[in-house]
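This structure is a prediction, so every number in the text was calculated from the model and none was measured. Here is the naming used below: chain letters follow the sequence lines, and residue numbers restart at 1 for every chain.
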Amino acid sequence: MTNNEYGRHATSMRTHLCGDLRTGDIGTTVSVCGWVARRREHGEHLAFVDLRDHSGIIQCVIDNSVDVRSEYVIRITGVVRARPEGTTNLNVATGEVEVGECIVEVLRSADPPPFAVDERADGVDENVRLQHRYLDLRRQRMQRNLRVRASVNSAVREAMERQGFVEVETPMLVPSTPEGAREFLVPSRKSPGSFYALPQSPQLFKQLLMVGGTDRYYQIARCLRDEDLRADRQYEFMQLDMEMSFVTQDDVLAAVGEAVLSAAEAVLGERPPEIERITWHEAMNRFGVDKPDLRFGMELVDVTDVFSQTEFKAFAGAEAIKAIVVPNAASEYGRNQLDRLTDRAKSIGAKGLVWLKVIDGGFDSPVAKFISESEGTELRAATSASAGDLVLIVADNWMTTCEVLGTLRNDIGRPPVHQGPYRYVWVVEFPLFVGVDQATGRPKPGHHPFTRPHADDVDLIESDPLSVRSIAYDLVLNGWELGSGSIRIHEPELQRRVFAALGISQEEADRKFGFFLRPFDYGAPPHGGFAFGLDRLTAILAGEENIREVIAYPKTQSGADLMTNSPLEVDIAILSELGIRTLPKVD
RNA sequence: GGUCCCGUGGUGAAGUUGGAGUUCACGCCGGCCUGUCAAGCCGGAGGUCGCGGGUUCGAGUCCCGUCGGGACCGCCA
């Protein structure tokens with residue numbers, strides 16, 4: 001890098017970036033380097049070459065004959081000048097100027113690319129983009145996404161430093177633990193038959209950093225989980241991982257909030273308002289999910305009381321009856337679509353779905369005849385539904401009712417990521433235990449077994465474990481779970497009681513978690529922490545529906561890297577050095 | 001493990017009731033062209049219709065299987 005009078009992007013080969021040239025540069029002799037985005041020839045003595053680098057595009061006017069074609073890498077030295085009257089292009093940032101009197105050097109010729117290296121590639125099969133990711137990355141959208149990602153990382157790091165957090169790196173080769181996500185294993189050459197695991201998160205190490213007196217730790221950590229991939233899930237992903245000592249929930253939320261809001265400000269130029277909080281119970285009750293999208297209404301309305309005396313069998317005796325109103329949807333939803341909604345509801349666990357089209361003076365519905373006039377009136381009052389609206393009702397136990405309607409609410413009403421305001425929300429007071437393990441009959445941990453129970457509920461651990469709230473919290477943005485955390489248990493007696501509720505004996509706890517819990521006996525401070533996904537935050541801030549768009553080299557849903565063709569089989573000699581023999585493929 | 005959608009020159013699409021690898025746009029190659037900016041005009045090349053099997057006189061089209069990609073469920077303490 002050459003520091004000259006032209007600024008920090010100048011090098012020995014160039015003075016300016018293509019996208020930076022403006023009317024203020026008129027008269028300057030410049031050198032620009034980049035790829036040929038497009039060429040427009042007008043005979044032997046005039047050609048326009050749009051030169052592209054990551055900053056943008058500049059039109060260069062060539063009046064000698066040079067053979068430059070799409071994606072050739074060239075260097076142009078010329079003079080910046082105003083475009084002639086009537087030939088400016090206001091669709092381009094550099095459209096008022098051009099580079100003339102050009103000397104063109106071809107630095108590298110190029111084959112025609114398999115797809116247009118511009119916004120037209122947005123419509124190209126993702127296969128093709130991923131096979132030629134280096135070409136895809138040349139595009140403005142991808143360069144912008146990489147830079148959004150870098151801004152997020154940088155702002156987060158800066159915010160953590162500002163708050164006195166210490167960056168500590170934790171190992172990538174860690175012991176395999178039976179709990180949690182499936183791990184990637186790494187064979188040990190020195191101990192054939194033994195394996196390391198790649199970390200699904202630095203969880204245990206960061207808590208031991210607290211035992212180690214670090215006080216405030218953070219890391220932009222790579223995490224690896226061998227679970228099925230989704231639009232918001234890759235095998236490898238990045239988290240802002242943090243942990244702090246001598247804190248309560250408020251301290252953690254404040255520190256994490258500062259990092260997230262700083263990142264948002266760095267990308268969007270405006271700091272979002274303070275993050276609101278709702279309890280897990282309220283989130284389920286109002287939105288039917290533990291990661292509510294607050295950008296739109298259609299909240300669940302409890303209508304259990306409306307039907308307390310009902311004779312309609314599908315509703316009678318249900319623990320919870322709830323409704324959502326789809327505004328003005330009565331005419332849009334035909335029988336076919338309503339059947340599909342019903343199928344969707346059933347696939348989530350509902351026994352059925354009741355739909356009512358609100359019409360003047362009543363309902364249009366296959367079950368209208370089972371709803372009494374007073375129930376109808378009360379239903380309309382409770383839901384505020386008016387003629388033309390579609391009302392969807394589920395009756396079941398509370399949890400199922402909420403979950404089914406919450407899923408339908410998202411399916412029907414959720415706007416695309418790039419639309420609407422950014423609505424951050426803390427979901428707090430998650431239940432300590434979720435559901436019951438079929439095999440053991442014991443409750444299952446909601447977060448992880450070291451999560452601290454809510455102080456008011458500690459005495460319910462033995463008598464009514466499923467109603468115990470925890471000091472665990474999620475951060476949610478527009479319906480995406482960004483991350484989660486908790487205040488941990490640091491005292492042995494409380495930990496013993498939680499293990500007992502989970503059906504884990506002292507011996508089993510020692511065996512499974514001894515290496516982690518024994519250190520606590522040497523003095524563990526009260527502590528808690530959080531981790532949130534940087535890929536997800538970046539995707540939302542970049543307006544992308546899919547985290548692959550903000551990852552330079554992502555993998556497909558089946559875990560393949562189409563550019564490098566990995567994973568690949570390896571030579572048998574390499575396997576044998578590692579003490580590994582593969583099984584034949586079975587059908 | 002499951003459900004659904006997609007696969008046609010380099011790219012994106014169309015392809016009807018099963019009737020000739022047919023069509024369109026972009027790109028590519030050649031020619032013309034001195035103010036374009038998705039330049040324009042003329043000409044040309046380019047195909048294992050993902051792959052395999054079946055039905056049929058005949059399959060891009062129908063059926064079965066398989067591979068690849070995607071969305072979702074399960075899974076992700």
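B/U8 and B/C49 are spaced 4 Å apart, taking the C1' atom of each and rounding to whole Å. Rounded to the nearest Å, the gap between the C1' atom of B/G21 and that of B/G58 is 15 Å. Comparing the P positions of B/A71 and B/U66 gives an interatomic distance of 22 Å, to the nearest angstrom. On the C1' atoms, B/G50 is 7 Å away from B/G68, given to the nearest whole Å. B/G40 and B/U36: their P atoms are spaced 12 Å apart (whole Å). Taking the C1' atom of each, B/C26 and B/C72 are spaced 34 Å apart, rounded to whole Å. Distance noted for atom C1' between B/A45 and B/C4: 40 Å (whole Å). A gap of 25 Å separates the C1' atoms of B/G65 and B/G47, to the nearest Å.
In this structure, A/Phe520 and A/His527 have perpendicular ring planes: the angle between them is above 60°, well past the 30° mark.
Taking the 5.5 Å centre cut-off and the 30° plane limit, the aromatic side chain of A/His42 is not classed as stacked on B/G35. Stacking between A/Phe115 and the base of B/U11 is absent under the criterion of ring centres within 5.5 Å and planes under 30 degrees.
In terms of polar N and O atoms assigned as donor or acceptor, the side chain of A/Asp228 comes within less than 3.5 Å of the base of B/G74 in a complementary pairing. The base of B/C29 does not come close enough to the side chain of A/Arg69 for any donor and acceptor atom to sit less than 3.5 Å apart. Side-chain N/O atoms of A/Arg225 and base N/O atoms of B/C76 include no donor-acceptor pair closer than 3.5 Å. Interface remark: the A/Glu41 side chain does not form any donor-acceptor pair with the B/U36 base, using a distance-only criterion of under 3.5 Å. Within 3.5 Å, no donor on the side chain of A/Arg344 pairs with an acceptor on the base of B/C73, nor the reverse. Judged by atom type and distance alone, A/Arg120 does not reach the base of B/G27 through any side-chain donor-acceptor pair under 3.5 Å. A donor N or O paired with an acceptor N or O is not found under 3.5 Å between the base of B/G68 and the side-chain atoms of A/Gln131.
Using a 4.5 Å heavy-atom threshold, the side chains of A/Val252 and A/Glu243 count as separate.
The aromatic ring centroids of A/Trp480 and A/Phe532 lie 6.0 Å or more from each other. For A/His490 and A/Phe450, the distance between ring centers is not under 6.0 angstrom. In this structure, the ring of A/His281 has its center less than 6.0 angstrom from the ring center of A/Trp398.
With both pairing distances under 3.5 Å, B/C41 is matched to B/G31 as a Watson-Crick or G-U wobble pair. The nucleotide B/G65 finds its pairing partner in B/C51, both defining distances of the Watson-Crick or G-U wobble pair being shorter than 3.5 Å.
In this structure, A/Asn127 atom CG and B/A71 atom C1' are separated by 15 Å, rounded to whole Å. When rounded to the nearest whole Å, the span between CG of A/Asp118 and C1' of B/A38 equals 8 Å. One can place CD of A/Glu126 at 18 Å from P of B/C6, the figure rounded to the nearest angstrom.
Distances shorter than 4.0 Å separate none of the side-chain N or O atoms of A/Thr556 from OP1 or OP2 on B/G68. Contact annotation: A/Arg230 does not reach the phosphate of B/C76 (side-chain N/O to OP1 or OP2, under 4.0 Å). One finds no side-chain N or O of A/Thr87 lying less than 4.0 angstrom from the OP1 or OP2 phosphate oxygen of B/C37.
Nearer the 5' end of RNA chain B, as judged by each residue's closest nucleotide, is the contact made by A/Asp125, out of A/Arg39 and A/Asp125. Residue order along RNA chain B, read from the 5' end via each residue's closest nucleotide, puts A/Asn546 first among A/Gln200 and A/Asn546.
When distances run from any side-chain atom of A/Gln557 to the nucleotides B/G70, B/U11, B/A39, the shortest one goes to B/G70. Closest to the side chain of A/His448, out of B/A77, B/C37, B/C76, is B/A77.
A/Phe296 carries A/Arg409 over the face of its six-membered ring, with the cationic atom under 6.0 Å from the centre and within 45° of the normal.
Using a 4.0 Å heavy-atom distance criterion, A/Arg442 is classed as making no nucleic acid contact. At the heavy-atom level, A/Thr88 lies under 4.0 Å from base atoms of the strands shown.
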Can you list the steps and then say if A/Arg38 with A/Asp118 is a salt bridge (Lys or Arg N to Asp or Glu O under 4.0 Å)? CA-CA 10 Å; A/Arg38 195 169 297 280; A/Asp118 59 29; 3.3 Å; yes
